[in-house]
Amino acid sequence: MNLLLLFRLAWRNVLRNRRRSLVLLVTISFGLWAMLFFAAFIRGWNEDTTQNAIDTLTGHLQVHAPDYLDDPSVDHSMRGPSTELRALLKGPEVLAWDSRVRVPAVVMSERETSGVTLVGIDPGRESKLSFIGHSIKAGRQLKDAQDHGIILGRKLADRLDTELGKRVVVMSQGADHSVCDRGFRVVGIFDADRSSTEMAFVFVGRSTAQSMLKMNDEISEISVKLRDAQRLDGFLAHARRAAPELDVQPWTTLQPMVLAMVALGKAWIWIFYLVMYIAMAFGLINTLLMAVAERTREFGLLQALGMRPRLILEQVLAESSLLLAAGVVLGGLLAAGSLALLHGGIDFSHLAQGAEMWGMSKVIHPTLRAWDLISAVLFIVVLALVASVYPALRAARKVPIEALTRG
Amino acid sequence: MSSGLGLRLARRNLWRNPRRTILTFSAIAFATAILVFMIAFQQGGYRAMIESAIGVFTGHLQVQVAGYHDNPRLSEYFEDASALEARIAKLSGVKAVAARGESYALLSSSSRTHGAAVVGVEPEHEPQLSTLPKSIREGRFLSGNHSDEAVVGMTLAKNLSLSLGDTLTLLGQGNEGSLAAATLTVVGIFQSGEPELDRSTMEMPLGTFQEVFSIPDGAHSIAVRTANLDQVDRVTRSISAALSGRPKLVVLPWQDLLEGLKQGITLDATVGWFLYAVLVFVVTFSILNTFLMAVLERTHEFGVLLALGTRPNYLGRVVMTESIMLLLLGLLVGLGLGCAVTLLTGQHGLAFSGSEELLTRWNLPSRIYPRLNLLSLTVGPAVIFVVTFIAALFPLVRIRRLRPVDAMKAV
């Protein structure tokens, strides 16, 4: 029997009991839709979270003095990039980089006091590097590294009961161990995805910070964003060679929580796949068993006429493949449709603090990657064919006489 | 025909095709068991998150000046802390109380300076409310209410290069613009398990705090512990009633104090319900075919019965009895299986090796104990019963449409 005939027979059998086939089709396509949708949700969550972590000052990699990460104080500052490192940073692989001052500090308004991280930046370099380049919602961005103004997060400004144009005092420890303080005028207010970010950072010009903290031209960190995140490992090796005396770390070690979340999300996808698959398998096996049982006579006759059991097995498998294929296409279309509807993302703003607790962004953009689609489809198809083997074997194993005399 | 006969017929029909019955029944049992276990696991996890989050510092509820929680300011304190505290402690359902003053100040060691949250606590009451005094890794907790002592978080101590016995200088703003300054001795270093507290918190005796920040007998919050989580609503109401003469004070249960935690749980539960709904739907469609087949393959038989004068209603009842027997059996076994797995894992808890850091951040202990309660035992089975029951009704429509003569012609 050729393949075409095999599938034509199988197709007729699928159509023989339309209602039953339809129920199975709904089961498979809905199941696949749920799997793809969930995978896209987790993937979107992971990617939004990763992007957020990278944008919140981390970059793809950072360079520090050896002890800075352990104890982020002004004592562990370093000189600006060496000629060698600077050459690498100016290379084609780098999208943007900035050298920053980043030290713990206290900010005081006339009324309130709060602990923050004081970040001295070169605003021009941050525009493509971190969120602060595009998050000023009131007032203005710092003009340059010499700017005398300060930018606060919205939540911090509220907490300090201060506003644009008012003055705040920043206190921190200087390089000479004295307590340095300096007044700044609030020139800008930024909004961030997370309120903890709005509370955590205040931004001033780098040179201003250096002179306030008596650091000369020393800096705390260099943050780098690459054009292609995939080439991080190679670039990391170059950077370590260019600056052997410094601590060069990728975002994956700087933000271990994000990495752990991604791993956890992936584990959940597979657990869900498995549960969904088992639920679908019951329906698939049962339906195929029925289809086989009601054709016992037919199979017996075919065998008595000399058809080999193998062909009967193939016929049942062909039937289940057809149903599967239809289910996969329909499920895929459903997933594509529902994801297109959710193009703007799923908004969890009403649960913003809860999202923050789980390390999520407020808005999740479900994203279906080719690999997720392929793995879900392969997972269903392979396992469903395995599940069809049992009914198919039962059909093929019938002894002709017994089958013919029944019913 | 009597209903006893109907039952017997239904039972026999069920075993006419044992393989199909077993598969259908397994599908129902599988879904039920998963729902029972997952909901128990969620409930256990949430409970652990709440207990551990409120146990470290917050308490089950707090009395504060209205507005202080959203915008904590030194000036928003109440002036009769000790009297108020004594009054609340006497109310029924209140297990422990502790008054606290909170502010922010610059802390300096001999070589370093850092900003930190400064909390004034009563050395006598605090250990009954917060696990922080028990998490002292070096040294001891504060001794007297007016001593010049301080305990600092592990990370903060490291960042300030402080060790036991070192002197710590506090500099901040006191009430009404006064200067708050003090020199304290570090007597203990704590590691609470909450990175944020360990990095940015210093505790000192409340009496000393009141002097330094110029708020005589003042406090910003009175934290209250109740017997357990279920008591929180009742105790919140009774304290509110007792404080009705003080319109400026509010009683905030943990849900209001730790809004992020509450929302986080809502969010997780939402995703959970979505997944459960999907599972129930797929399982229902998986077994819908079985119900359909139970009627289809007996078209001929039903035709004969109808021709003999059996009423369609009776046939419907027999088929329905069949489906419900199958359903209940699946539900019972699923429930038993779900309970067994839950109790088994509940005994020793489920450990998540390798994700301790994540779990700490979410206030989860490294082991989660799935928790059987009314919710986890009933919601899953009830939903599955209702939905599959509706699915079982579909074949009945077909029986009503059967015409005896045509039906008998069917094979």
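To find a chain, count down the sequence lines: A is the first, B the second, and so on, and within it residues start at 1.
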Select, from [options], the one with the greatest count of heavy-atom pairs under 4.5 Å involving chain B.
options: Gly31(A), Ala34(A), Ser73(A), Ala281(A); result: Ser73(A)
options: Asp70(A), Val116(A), Val179(A), Ile285(A); result: Asp70(A)
options: Trp33(A), Phe38(A), Phe41(A); result: Phe38(A)
options: Leu24(A), Val106(A), Leu284(A); result: Val106(A)

Q. Does the separation of the ring centres of Phe285(B) and Phe30(A) fall below 6.0 angstrom?
A.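 Phe285(B) vs Phe30(A): aromatic centres not under 6.0 Å.
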Engaged part of [X] at the chain A interface, taking heavy atoms whose separation is under 4.5 Å:
X: Ala27(B); value: both
X: Ile287(B); value: neither
X: Ser75(B); value: neither
X: Asp70(B); value: backbone
X: Leu23(B); value: both

Identify the heavy atoms of [X] and [Y] that sit nearest to each other, and give their distance.
X: Trp358(A); Y: Ile265(B); answer: NE1-N, 4.4 Å
X: Leu74(B); Y: Glu112(A); answer: N-OE2, 4.1 Å
X: Asp158(A); Y: Arg73(B); answer: O-NH2, 4.4 Å
X: Val282(B); Y: Ala279(A); answer: CG1-CB, 3.8 Å

What's the separation between atom [atom1] in [X] and atom [atom2] in [Y], rounded to the nearest 0.5 Å?
X: Thr266(B); Y: Leu351(A); atom1: OG1; atom2: CG; result: 5.5 Å
X: Arg112(B); Y: Asp71(A); atom1: CZ; atom2: CG; result: 4.0 Å
X: Ser108(B); Y: His177(A); atom1: OG; atom2: NE2; result: 12.0 Å
X: Leu275(B); Y: Ile271(A); atom1: CG; atom2: CD1; result: 11.0 Å

Would you mind reporting whether [Y] and [X] have side-chain heavy atoms less than 4.5 Å apart?
X: Val278(B); Y: Phe272(A); result: yes
X: Val283(B); Y: Phe282(A); result: no
X: Met357(A); Y: Leu267(B); result: no
X: Arg19(A); Y: Phe394(B); result: no
X: Thr290(B); Y: Met290(A); result: yes
X: Val275(A); Y: Phe30(B); result: yes

Considering only heavy atoms and a distance below 4.5 Å, find which of [options] pairs most often with chain A.
options: Leu288(B), Leu279(B), Thr284(B), Thr113(B); answer: Thr113(B)
options: Gly115(B), Ser110(B), Ser26(B); answer: Ser26(B)
options: Arg20(B), Gln173(B), His114(B), Arg19(B); answer: Arg19(B)

Portion of [X] that has a non-hydrogen atom of chain B nearer than 4.5 angstrom:
X: Thr113(A); answer: both
X: Leu289(A); answer: side chain
X: Ser114(A); answer: backbone

Q: Answer yes or no: are there more than 12 heavy-atom neighbours, outside Lys214(A) itself, under 6.0 Å from its atom NZ?
A: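 For Lys214(A), atom NZ is crowded (more than 12 foreign heavy atoms under 6.0 Å).
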Q: For Ser111(B), check side-chain hydrogen bond (donor to acceptor under 3.5 Å, both in side chains) against everything at least two apart and list the hits.
A: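 Scan of Ser111(B) (side-chain hydrogen bond (donor to acceptor under 3.5 Å, both in side chains), adjacent residues dropped) gives none.
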Q) Is any residue of residues 152-163 of chain B within less than 4.5 Å of chain A by heavy atoms, and which ones? A)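 Lys158(B), Asn159(B) fall under the 4.5 Å cut-off.
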(Q) Could you tell me if Ser286(B) and Asn286(A) have a donor-acceptor pair between their side chains, going purely by distance under 3.5 Å? (A)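 Judged by distance alone, the side chains do not pair up.
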